[in-house]
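Report on the following structure.
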Amino acid sequence: MEKKYSRREVLGFGAIAGTTLLGACSSKTGDKAVFPWKYKILDVEKTRQRAYKSYFKGGCMYGVFEAIAGQVGEALGKPYCDFPFELSTYGGGGAALWGTLCGTCNGAAMAIAMFHGKPLCNQLVNEVFSWYEGTALPIFVPAEPDKVKKDYQMPTSKAESTLCHVSVTRWVQAAGKASFSPERAERCARVVADMAGFTAGLLNLTAQDKFTPKNQVSAAANDCLACHAKGKQAPNEPEVVSKMSCATCHPDSHK
Ligand code: HEC
Ligand code: HEC
């Protein structure tokens with residue numbers, strides 16, 4: 001017999017009478033988690049360290065998501081700490097190695113969505129994604145690197161895209177290393193730390209009512225969106241669903 005689960009149950013927020021769905025504590029206490037979760041201010045440096053370690057357990061999306069939501073879950077206690085953070089492991093390598101949305105972006109967006117609904121959620125995601133596109137990463141340097149020697153000089157690169165494939169390839173070109181090399185894994189682990197730290201910083205600001213949207217879309221995409229955004233801005237102009245850096249795929253438009 002098939003049992004139909006509610007969204008809450010599937011997400012592990014509530015206990016089903018008499019059964020344990022995904023964890024022990026929620027069924028023991030009978031407590032229900034309230035969504036969105038209440039945020040707790042995080043130590044940004046600690047978040048980076050945790051994210052770096054989590055990458056090696058569950059990949060890039062998990063690394064960012066778990067470092068943020070896992071810490072808040074622990075601070076909130078049961079049943080929040082029983083959330084199945086592992087569900088985010090699918091996002092590694094741009095979702096099952098498809099090279100689409102970078103797992104660090106995906107994990108950051110998921111963490112943000114745990115605490116904020118729209119429109120704030122989207123503003124925070126915009127801020128994180130455009131930071132990711134336009135910043136030379138990685139910045140984080142672990143005390144004990146996992147995949148490289150301590151004295152390895154980590155090259156940096158700007159992804160100028162939120163796509164895993166583009167981001168990894170640009171780093172690979174800058175570093176002269178292969179996509180499946182230990183150095184590239186180390187690079188991604190450090191990007192995980194950077195993204196977790198940056199996102200936690202934004203969430204901290206938001207919790208203190210100090211977040212103001214600044215860098216929502218790259219300046220280059222903004223120029224294109226002056227015409228191509230939703231709502232006709234120019235005659236005959238096609239509207240597009242994208243805030244990604246346009247030049248990655250349209251380097252020669254209107255030239
Ligand atoms: C001043 C308004 C305006 C701006 C700014 C603008 N576009 Fe367009 N774009 C149009 C219009 C109108 C069309 C449809 C007519 C045409 O093809 O020229 C178009 C068509 C396109 C097309 C489909 C046709 C093609 O050339 O392949 C692409 C792709 C495109 N634009 C990309 C871009 C990108 C990328 C930018 C930023 C670098 C940009 N556009 C900036 C107005 C604009
Ligand atoms: C990851 C690659 C990628 C990125 C990034 C991207 N595009 Fe495109 N875009 C495409 C592809 C592929 C098509 C389809 C081209 C075709 O089939 O002719 C397309 C089509 C278009 C068209 C034509 C749509 C139509 O209805 O005819 C416009 C306009 C356009 N893109 C603008 C943009 C703008 C503006 C941005 C940045 C905000 C952007 N694109 C970012 C890949 C991309």
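Atoms within each ligand, like the ligands themselves, are counted from 1 in listed order. We use all heavy atoms of the structure for the numbers below, so side chains are in, but hydrogens, waters and symmetry mates are not. Just so it is clear, the model here is predicted, and its values are computed rather than measured.
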Review point. Side chain to side chain contact (heavy atoms under 4.5 Å, CB included) with P138: which of M195, E186, R187?
Key: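 One option only clears the test, and that one is R187.
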**Study point:** Donor-acceptor side-chain pairing of E127 and Q123 below 3.5 angstrom
**Key:**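 Side chains of E127 and Q123: no pair found under 3.5 Å.
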Exercise for review: Give the ring-plane orientation class for H254 versus H228, where under 30° counts as parallel, over 60° as perpendicular and anything between as tilted.
Suggested key: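 Ring orientation of H254 relative to H228: parallel.
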Practice item. Give the ring-plane orientation class for F198 versus W131, where under 30° counts as parallel, over 60° as perpendicular and anything between as tilted. Key: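 Answer is parallel, since the angle falls under 30°.
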Point to revise | Residues, nucleotides or ligands: over 12 heavy atoms within 6.0 Å of K38 NZ | key: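 For K38, atom NZ is not crowded (no more than 12 foreign heavy atoms under 6.0 Å).
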Point to revise | same_hphob_cluster(L120, M110) at 4.5 Å side-chain heavy-atom cutoff | key: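 Yes; tracing contacts between hydrophobic side chains, which count when under 4.5 Å, links both residues.
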Practice item. Enumerate the atoms of ligand 2 whose separation from the nearest heavy atom of L163 is less than 4.0 angstrom. Key: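 Contacts of ligand 2 toward L163, numbered from 1: 1 (C).
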Quick one: table the atom pairs, ligand 1 N or O against protein N or O, below 3.5 Å, distance rounded to 0.1 Å.
unit_1: ligand 1; atom_1: 7 (N); unit_2: H228; atom_2: NE2; d: 2.8
unit_1: ligand 1; atom_1: 7 (N); unit_2: H254; atom_2: NE2; d: 2.9
unit_1: ligand 1; atom_1: 9 (N); unit_2: H228; atom_2: NE2; d: 2.8
unit_1: ligand 1; atom_1: 9 (N); unit_2: H254; atom_2: NE2; d: 2.8
unit_1: ligand 1; atom_1: 31 (N); unit_2: H228; atom_2: NE2; d: 2.8
unit_1: ligand 1; atom_1: 31 (N); unit_2: H254; atom_2: NE2; d: 2.7
unit_1: ligand 1; atom_1: 40 (N); unit_2: H228; atom_2: NE2; d: 2.8
unit_1: ligand 1; atom_1: 40 (N); unit_2: H254; atom_2: NE2; d: 2.8

